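First comes the structure, then the notes that go with it.
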Amino acid sequence: MNLLYEGKAKKVYDTGDEGQVRMEFKDSATAFNGQKRGEIAEKGIVNAALSARFFTWLSQHGISTHFIEQIDPRNLRVERLNMIGLEVVVRNSVAGSLHQRTGLPEGTALDVPILEFYYKNDALGDPLLNDDHIQLLALASPDLVARLRQQALRVNQVLRPFLLRCDLVLVDFKLEFGWNPAGDLVLGDEISPDTCRLWDSVSGERMDKDRFRRDLGGVEEAYQEVYRRVMQ
Ligand code: ADP
Ligand code: UDP
């Protein structure tokens with residue numbers, strides 16, 4: 001099968017089926033725009049299964065996603081999307097770059113979720129964009145920006161309570177959207193501890209890629225624990 005693209009966390013293959021691709025989830029992990037590299041054992045298996053679970057749950061709640069089926073432990077069949085060159089970040093509490101940008105303490109709850117758009121551009125280090133920058137770069141019309149905001153907030157509304165039932169606080173997460181062959185706007189990529197901050201609702205312990213980013217130890221264990229809680 002034709003490898004179409006190899007990214008930092010996944011490989012995308014042509015399946016020969018029109019309008020579909022296979023996404024293979026790798027164990028390799030990167031942080032700080034690829035400056036830090038490593039392996040998280042079994043991460044690909046955990047992230048493929050969790051993404052499949054979250055996408056299924058979202059589509060059961062009226063949100064269009066690219067997910068078709070899980071082929072095997074590391075591979076998902078998905079609709080082939082023409083990706084929009086933006087990362088959409090939703091935040092429920094202060095963490096990471098929002099803490100660095102504002103000085104607000106990590107963990108500060110936000111009364112209303114905050115949305116941010118980042119330019120999917122490794123060479124530039126995925127910079128934060130405002131609405132004018134998005135227009136300047138012609139990445140999305142104002143109408144599309146409004147639809148992305150609305151979709152991302154809906155994802156938040158559906159995933160937050162789901163995760164809380166697993167004793168996980170959804171602190172923030174990143175989404176990517178694209179156009180499917182039918183011309184519909186669809187949620188793509190993955191939803192996993194690589195792309196979400198998940199804090200244990202009792203202990204506050206970090207259960208996501210921050211353990212790798214910040215050398216906190218127990219990386220594999222945290223991914224396995226999220227898997228166990230979500231898949232049970
Ligand atoms: P990166 O490109 O940041 O290194 P990944 O390793 O996760 O990230 O690579 C996966 C790539 O596949 C990303 O560029 C993502 O935008 C793209 N992608 C995600 N879902 C789809 C899809 N359904 N169809 C085509 N491309 C997709
Ligand atoms: N995120 C991601 N991919 C990126 C950048 C961020 O999945 O390229 C996720 C990250 O895991 C977190 C959220 O988006 O859940 C917000 O990340 P932040 O802006 O705080 O950046 P970071 O701390 O990752 O540099």
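If you read the sequence from its start, that first residue is 1, and numbering goes on from there. Atom set for the values below is all heavy atoms of this structure, side chains included, hydrogens, waters and symmetry mates excluded. All values derive from a computational prediction rather than experimental measurement. Atoms within each ligand, like the ligands themselves, are counted from 1 in listed order.
Using a distance-only test at 3.5 Å, with no hydrogens or angles considered, a donor-acceptor pair links the side chain of N92 to the main chain of L170. Between the side chain of S51 and the backbone N or O of I191, at least one donor-acceptor pair lies under 3.5 Å. Not one N or O on the side chain of T195 forms a donor-acceptor pair closer than 3.5 Å with the backbone of L175.
With hydrogens left out, the protein atom closest to atom 21 (C) of ligand 1 is M83 SD, 3.7 Å, a heavy atom. The protein atom (non-hydrogen) at minimum distance from atom 4 (C) of ligand 2 is E87 OE1, 3.6 Å. The shortest contact between atom 25 (O) of ligand 2 and any protein heavy atom is with S97 CB, 4.8 Å. Atom 23 (O) of ligand 2 has its closest protein heavy atom at R197 NH2, 2.6 Å. The nearest protein atom to atom 10 (C) of ligand 2, hydrogens excluded, is given as R213 NH2, 3.5 Å; this is a heavy-atom distance. The closest protein non-hydrogen atom to atom 14 (O) of ligand 2 is K174 CB, 3.5 Å.
Residue D189 places at least one N or O, backbone or side chain, under 3.5 Å from an N or O of ligand 1. Below 3.5 Å of separation, one finds no N or O of D122 facing any N or O of ligand 1. Here's the thing with L81: one of its N/O atoms is less than 3.5 angstrom from an N/O atom of ligand 1. For ligand 1, none of its N or O atoms has an N or O atom of V21 under 3.5 Å away. Between Y5 and ligand 1, at least one pair of N/O atoms sits closer than 3.5 Å.
At least one heavy atom of Y118 sits less than 4.0 Å from an atom of ligand 2. Using 4.0 Å as the threshold, H99 has no heavy atom nearer than that to any atom of ligand 2. Using a non-hydrogen distance threshold of 4.0 Å, E6 does not register as a contact of ligand 1.
Tested against E106, the residues R91, R197, R206 include a single salt bridge (charged side-chain N to carboxylate O under 4.0 Å, His left out) partner, R206.
Heavy-atom proximity to atom 13 (C) of ligand 1, evaluated over K8, E79, K120, K10, is greatest for K120. For atom 12 (C) of ligand 2, the choice among D172, L128, N33 with the nearest heavy atom turns out to be D172.
Residues F212 and T30 come closest through the heavy atom pair CE2-C, 3.9 Å. Summarising the geometry of E190 relative to F55, their closest heavy-atom pair is CA-CZ, 4.0 Å, with the distance given to 0.1 Å.
For E18, the CD atom sits in a loose shell: 12 or fewer heavy atoms of surrounding residues, nucleotides or ligands are nearer than 6.0 Å. The 12-atom threshold is not exceeded at OH of Y227, counting heavy atoms of other residues, nucleotides or ligands nearer than 6.0 Å. Within 6.0 Å of the CZ atom in R101, the count of heavy atoms belonging to other residues, nucleotides or ligands exceeds 12.
Contacts with ligand 2 closer than 4.0 Å are made by no heavy atom of A31, backbone or side chain. Contacts of V12 with ligand 1, taken as heavy-atom pairs under 4.0 Å, involve the side chain alone. Proximity of K209 to ligand 2, defined as any heavy-atom pair under 4.0 Å, is not found for any part of the residue. Here V78 has side-chain heavy atoms under 4.0 Å from ligand 1, and that is the only part of it that gets that close. When heavy-atom distances to ligand 1 are checked against a 4.0 Å cut-off, E176 comes that close only through its side chain, counted from C-beta outward.
In summary, E221 and R211 do not engage in a salt bridge, as defined by a charged side-chain N under 4.0 Å from a carboxylate O. Using a 4.0 Å cut-off between a side-chain N of Lys or Arg and a carboxylate O of Asp or Glu, K43 and D194 qualify as a salt bridge. With respect to E116 and K174, no salt bridge is recorded, no charged nitrogen being found less than 4.0 Å from a carboxylate O. One finds no salt bridge joining D17 and R22 here, because no Lys/Arg side-chain nitrogen approaches an Asp/Glu carboxylate oxygen to under 4.0 Å.
A donor-acceptor contact under 3.5 angstrom links the side chains of Y13 and E24, judged on distance only.
For ligand 2, the atoms closer than 4.0 angstrom to any heavy atom of D194 are 7 (O), 11 (O). Near G96, meaning under 4.0 Å from one of its heavy atoms, ligand 2 places the atoms 20 (O), 23 (O). Every atom of ligand 2 with a heavy atom of D126 under 4.0 Å away is listed here by number and element: 8 (O). Ligand 1 places these atoms under 4.0 Å from at least one heavy atom of A9: 5 (P), 6 (O).
Within a 4.0 Å radius of atom 7 (O) of ligand 2, the protein contributes one or more non-hydrogen atoms.
Using a 4.5 Å heavy-atom threshold, the side chains of L98 and L110 count as touching.
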